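Comments concern the structure below.
Keep in mind that what you see is a predicted model, and the values were worked out from it rather than measured. So that the names make sense, note that chain A is the first sequence line, chain B the second, and so on, each numbered from 1.
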Amino acid sequence: MLDQVEDGVYRRALELGGRPRLLEVRGGGDVEQPRLEVRLLDGPTGPDELVAAAELVARCFRIDDDLAPLDALGLADPAYGALLGRVRGLRALVMPSPFEALVWAIIGQQINITFAYKLKRVLVEQFGRTIEHGGRIFHLFPTAERLAALDPAELRPLQFSGQKARSIVELARLLADGQLDLPALGALPVAEARAVLIGLRGVGRWTAEYVLMRGLGARDELPAADVGLQIAAGRVYGLERRPTEPELRALGERWAGWRSYYAFYLWFSLVPGAGAG
DNA sequence: ATCCAGGCTCCTG
DNA sequence: CAGGAGCATGGA
């Protein structure tokens, strides 16, 4: 599989310095002073690779975010603050590549999450490179080049809708051809990056917001059209019905500056066993 | 069968 | 710019 968490240890295969590597991250320290230990499991590690791995992990785990302001915000929003108390110290995780976030968002459009995971697994297992370690196979997420080489029709038997298949292949081609530089969007003002994303076929407001927060590390995105977020917010705030998109945006207003965390924790509250109630 | 799911595009007012 | 029709696909 793609991401593996076992006994609190996170492992994942990904491309580092142009080569497939198997990364391991262990948590340490405490909420006030978190510490992450990073290792590459599949062979010797040069200093450059170690630096690259550390930078990647720092970005994905947002270790530079100082979460202290969240506590104060939580006091001003008691219902949400209760959720915040259960997840204190958790960081709004960023995916290793914005391309993966983009494809994952498109997969997730208008289908239930269980089926979305199924589609992603199929994509990864069919088209991702693999690394073997410790008798196990680890898959990398497919590269844009690999997906660009597909005919959208090849995805149809894998249960992708025609529209998803077309969007994914088209976008992969834009990346592979160098017409779209997703990482570079991270350096633009968020409003500009959002405009670029929405201009892509198959990418609407929800997908753009998702990619900004989960792929590019934007800290203030709230994909308020998300049904899951609306359901979670309805529960957290004890509402009769789930909030509409504008209502959820209004709820998120006071979390300005931290709305990606706001969203991430709401999603997290839906995970079985995460104390969602 | 019916409704829904981590929406999008395109077309109207 | 806001709102809505139509669309696509499998799961419960």
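Rounded to whole Å, atom P of B:dT2 lies 20 Å from atom CG of A:N112. Rounded to whole Å, the distance from CZ on A:R166 to P on C:dC7 is 14 Å. Distance A:K120 NZ to C:dT9 C1': 20 Å, rounded to the nearest Å. Counting to the nearest Å, the P atom of C:dA2 and the CZ atom of A:R249 are 11 Å from each other. Atom CG of A:L119 is separated from atom P of C:dT9 by 11 Å (rounded to the nearest Å). Summarising the geometry, the separation between NZ on A:K118 and P on C:dA12 is reported as 9 Å, rounded to the nearest angstrom. Look at CZ on A:R201: it is 14 Å from P on B:dC8, rounded to the nearest Å. If you measure from atom CD1 of A:I111 to atom P of B:dG7, you get 9 Å, rounded to the nearest angstrom.
Counting non-hydrogen atoms under 4.0 angstrom, A:Q109 reaches the backbone sugars and phosphates but no base. At the heavy-atom level, A:K164 lies nowhere under 4.0 Å from the strands shown. Within the nucleic acid shown, A:L200 comes within 4.0 Å of sugar-phosphate atoms alone, with no base atom in reach, counting heavy atoms only.
Listed candidates were C:dT9, B:dG7, C:dG11. Nearest to the side chain of A:W206 is B:dG7. The side chain of A:Q110 approaches C:dA8 more closely than any other nucleotide in the set C:dA8, C:dG10, C:dT9.
Look at A:E6 and A:R136 and you find a salt bridge, because one of the NZ, NE, NH1 or NH2 atoms lies within 4.0 Å of a carboxylate O, short of that distance. Electrostatic pairing of A:R21 and A:E49 counts as a salt bridge here, judged by a charged N lying under 4.0 Å from a carboxylate O. We find that A:E245 and A:R249 are joined by a salt bridge, their nearest charged nitrogen and carboxylate oxygen being less than 4.0 Å apart.
Between A:Y265 and A:Y261, the two ring planes are perpendicular [angle over 60°; tilted spans 30° to 60°].
Summary of the strand contacts: A:V203 and A:I113 both lie near DNA chain B, and taking for each the nucleotide with the nearest heavy atom, the more 5' one is attributed to A:I113. Residue-to-nucleotide proximity on DNA chain B shows that, of A:I231 and A:A208, the 5′-proximal contact is made by A:I231.
In this structure, A:T207 reaches the B:dC8 phosphate: one of its side-chain N or O atoms is under 4.0 Å from OP1 or OP2. Taking side-chain N and O atoms only, A:R156 has a distance below 4.0 Å to OP1 or OP2 of C:dT9. One finds a side-chain N or O of A:R242 lying less than 4.0 angstrom from the OP1 or OP2 phosphate oxygen of B:dA5.
To the nearest 0.5 angstrom, A:R88 atom CZ is 9.5 Å from A:L70 atom CG.
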